[in-house]
Amino acid sequence: CVRKPLYSREGANVALLEGGRLLMETEGDYEPPYVYQRYYPLPQFDGNYPVIGSWMVNGYACGMGIREDTSPVTQNTSRFVPHLFE
């Protein structure tokens with residue numbers, strides 16, 4: 001599973017757990033309470049894990065961004081990947 005602080009941002013204090021064992025954890029200044037989510041491994045391309053972020057306004061899709069990192073947890077230092085739909 002994934003453990004995240006209820007109030008945090010940009011991948012801070014995220015932990016990946018398997019069977020109660022800590023696989024990895026990111027640094028940060030956030031504290032409990034935590035939210036636990038089911039973990040779905042991201043695809044990996046050339047050593048990078050891409051994540052799509054989308055923005056909705058009043059129920060309408062209005063933007064999308066792709067960020068990637070060498071870690072399965074994207075953070076504020078993760079790269080923004082340019083993209084274009086024609």
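Please read all numbers here as calculations on a predicted model, not as lab measurements.
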How long is the span from the OG atom in S8 to the OH atom in Y34, to the nearest 0.5 Å? 9.5 Å
Side-chain donor or acceptor of N13 paired with backbone N/O of P5 under 3.5 Å: no
Do E10 and Q75 have side chains that approach each other closer than 4.5 Å (heavy atoms only, starting at C-beta)? no
Heavy atoms only: give me the nearest M64-W55 pair and the separation to one decimal. C-CZ3, 3.2 Å
Y30 and R9: side chain to side chain contact (heavy atoms under 4.5 Å, CB included), yes or no, with the steps? CA-CA 9 Å; Y30 299 97; R9 60 189 305 259; 3.3 Å; yes
Candidate pair R79 and N48, rule side chain to side chain contact (heavy atoms under 4.5 Å, CB included), full reasoning: CA-CA 10 Å; R79 294 173 299 282; N48 296 298; 2.5 Å; yes
Could you give the distance from OH (Y49) to CD (E68), rounded to the nearest 0.5 Å? 12.0 Å
Counting distance only, does the side-chain N/O of S78 pair as donor-acceptor with the main-chain N or O of R67 below 3.5 Å? no
Can you name the closest pair of heavy atoms from G65 and F80 and give their distance? CA-CE1, 3.7 Å
Measure the shortest side-chain to side-chain distance between P50 and Q44 over non-hydrogen atoms and say whether it is less than 4.5 angstrom. no
Would you check if V51 and L42 make a side-chain contact, meaning some heavy-atom pair closer than 4.5 Å? yes
Tell me if a side-chain donor or acceptor on T26 pairs with a main-chain N or O of V14 at a distance below 3.5 Å. yes
